[in-house]
Number of protein chains: 2
Amino acid sequence: MSKESSSRSRKPKRGQTREALMEAALDLVVKKAPFSSLSLREVTKRAGVVPTAFYRHFTDMSALGLTLLDESFRTLRQMMRQVRQENQPNENMLRGSMETYFNYVRENRAHFLFVAKELFGGTPTMRNAIRREIRMFTNELAMDMARFPFLNHLSAEDLQMMAGLVVNNVTALTQEMLELEESDTFGQQEVLGTAEKQLRLIFLGVGQWKS
Amino acid sequence: MSKESSSRSRKPKRGQTREALMEAALDLVVKKAPFSSLSLREVTKRAGVVPTAFYRHFTDMSALGLTLLDESFRTLRQMMRQVRQENQPNENMLRGSMETYFNYVRENRAHFLFVAKELFGGTPTMRNAIRREIRMFTNELAMDMARFPFLNHLSAEDLQMMAGLVVNNVTALTQEMLELEESDTFGQQEVLGTAEKQLRLIFLGVGQWKS
DNA sequence: TTTTTTAGTGAACAAGTGTTGACTTTAACT
DNA sequence: AGTTAAAGTCAACACTTGTTCACTAAAAAA
């Protein structure tokens, strides 16, 4: 009973400093600069920790970055799995998928902003990791499409190219979404609307495609 | 005859330091970091000039950035005009347009890299300037499409949405292109090929579109 | 030719950067 | 309870950063 009080100059914070550092970095990315231009001291200051404490948890700023990237994509992957399970191929599949996806984007704004800014501004290592992840999504989408009865006559390359078209657009729309204010629900609805229309248009073209 | 020699500690460089600074910044963007994380001293060093000389030409690093942005888009705009003049609406219009466009991208790699990296990593001012420019392209494309006989039954919003689809994709493909090595002509051809196919697919969908 | 404007230099500043090393406190293990 | 390992602090380092000021060379204007 003598432990939980009387902490003055040294705070208890058990294993939570690591998380504090990650959250601080994410915060700074949201309201300031891309991760690549954050300084170690800046991050530790916001986390409420002395600069040298950083080294107890990460060797490097770039190590923090990769951890953040991992975190971002792990939750994103699990959401995508969910989207694919919940949406059987029917009429409002497109609308439903886009809705859950963009809801997820709104709820994880910080992570998406982080990824978007590093996609081009980051170090080569970072960029490659992100591109690899995106390529993976494209492949999975191509495989999903191959299972559709009215698409199984298409070649693997064509499917890949079509999946790429979809992913490129969703990526662009995500970025557009991220530029909007969090409170701008009207704009967000508008982006969602365009997203649905554009995907519908794409699949209209896919139906007409002759190899 | 006594002027052009005998310059020792002070170099002649008439009005060319300004250009040297811009070129230096562009160089550094290509082979190092996004513009936003370049330092004034770094740029002046590469330009072969002392740091304080910078202030004779720009008030700020961000002023340099905006100048660079202006330069990038001015030449891009004139190219787009050329593409539209040279390509009358016929069979190989898509192929032709994409070829000249991507040739231009290859020849102006530095400028495109600069823009791509600032599109998300830059300051709000920078980002807005770029997005405004892209929106302008989208509008012009929509107007071009409206002139096609088989498209004049479409609503303005639908045309806008279709143009957006095209622009989003070309942007994504441009970024993909920029990630390739300058020497990787095979990869470049491949991207060009996908670009053409994807646009063809889009226009296939456009033909089927019912408002 | 003399004068004035423009475009370069160099030294110095206050502030911020990553990283080190030697300590100290807390939590965990025996 | 005593020991050990993990996670925090503090002071100091060598460096880079943006910006100032006074000064000087060259080009342009008179």
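In this text, all values refer to a predicted model and were calculated from it rather than measured experimentally. The chains referred to below are lettered A, B, ... by the order of the sequence lines, with proteins before strands, and numbering in each begins at 1.
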- request: Begin with the C-alpha distance, continue with both residues' side-chain angles, and end with the deciding distance and a verdict on side-chain contact (heavy atoms from CB on, under 4.5 Å) for A/V50 and A/T44.
  value: CA-CA 6 Å; A/V50 97; A/T44 56; over 6 Å; no
- request: Apply salt bridge (charged side-chain N to carboxylate O under 4.0 Å, His left out) to A/E42 and A/K32, showing your working.
  value: CA-CA 11 Å; A/E42 211 172 359; A/K32 234 206 63 169; 2.7 Å; yes
query: C/dA11, D/dT9, C/dT19: which one has an atom nearest the side-chain heavy atoms of A/R56?
result: D/dT9
message: Under the rule for side chain to side chain donor-acceptor pair (under 3.5 Å), what residues qualify as partners of B/E86, not counting sequence neighbours?
response: B/Q82
- line: Students should find that the end-to-end axis angle of the helix from C/dT1-D/dA30 to C/dT30-D/dA1, with five pairs defining each axis and rounding to 10 degrees, is 10°
query: With A/R109, which residues qualify under side-chain contact (heavy atoms from CB on, under 4.5 Å), at least two apart?
result: A/L113, A/L178, A/E182
task: Ignoring hydrogens and angles, answer whether the base of D/dC21 and the side-chain atoms of B/T52 contain a donor-acceptor pair closer than 3.5 Å.
output: no
- request: Let me know, please, whether A/P51 or B/P51 comes out on the 5' side of the other along DNA chain C by nearest nucleotide.
  value: B/P51
- request: Specify the separation, in whole Å, of atom CD of A/E19 and atom C1' of D/dA7.
  value: 14 Å
statement: Separation of D/dG18 atom P from B/L64 atom CG, nearest Å, is 12 Å
- prompt: If you look at every heavy atom in B/L26 and B/F114, which pair is closest and at what distance?
  reply: CD1-CB, 4.0 Å
message: Please confirm whether the ring centroid of B/F120 lies under 6.0 Å from the ring centroid of A/F120.
response: no
task: Mind listing the closest non-hydrogen atom pair of B/V30 and B/K117 along with its distance?
output: O-NZ, 4.5 Å
query: Is the distance from OP1 or OP2 of C/dT6 to the nearest side-chain N or O of B/H57 less than 4.0 Å?
result: no
query: Should B/E157 and A/K197 count as an ion pair when the cut-off is N to O under 4.0 Å?
result: no
query: Under the 3.5 Å rule, do the base of C/dG8 and the side chain of B/T17 count as making a donor-acceptor pair?
result: no
N/O contacts under 3.5 Å, protein versus nucleotides 13-17 of chain D?
unit_1 : atom_1 : unit_2 : atom_2 : d
D/dT17 : OP1    : B/S39  : OG     : 2.8

- prompt: What is the distance from CZ of B/R18 to P of C/dT6, rounded to the nearest Å?
  reply: 15 Å
query: Within the distance-only criterion (no hydrogens, no angle test), does the side chain of A/E118 pair as donor or acceptor with the backbone N or O of A/F35 below 3.5 angstrom?
result: yes
Stepwise side-chain contact (heavy atoms from CB on, under 4.5 Å) check, B/V83 with B/Y104: CA-CA 10 Å; B/V83 164; B/Y104 182 81; over 6 Å; no
query: Of the residues in residues 25-38 of chain B, which ones touch DNA chain D at a heavy-atom distance under 4.0 Å?
result: none
message: Just the rounded figure in Å: distance from P of D/dT20 to OH of B/Y55.
response: 6 Å
task: Can you sort out the partners of B/F148 under side-chain contact (heavy atoms from CB on, under 4.5 Å), two or more places apart, ordered by chain and number?
output: B/P89, B/M93, B/F150, B/L151
query: Of the nucleotides C/dT9, C/dG21, D/dT19, which one has an atom closest to the side chain of B/A53?
result: C/dT9
- request: Take the protein atom CZ of B/F54 and the nucleotide atom P of C/dT9, then report the distance between them rounded to whole Å.
  value: 14 Å
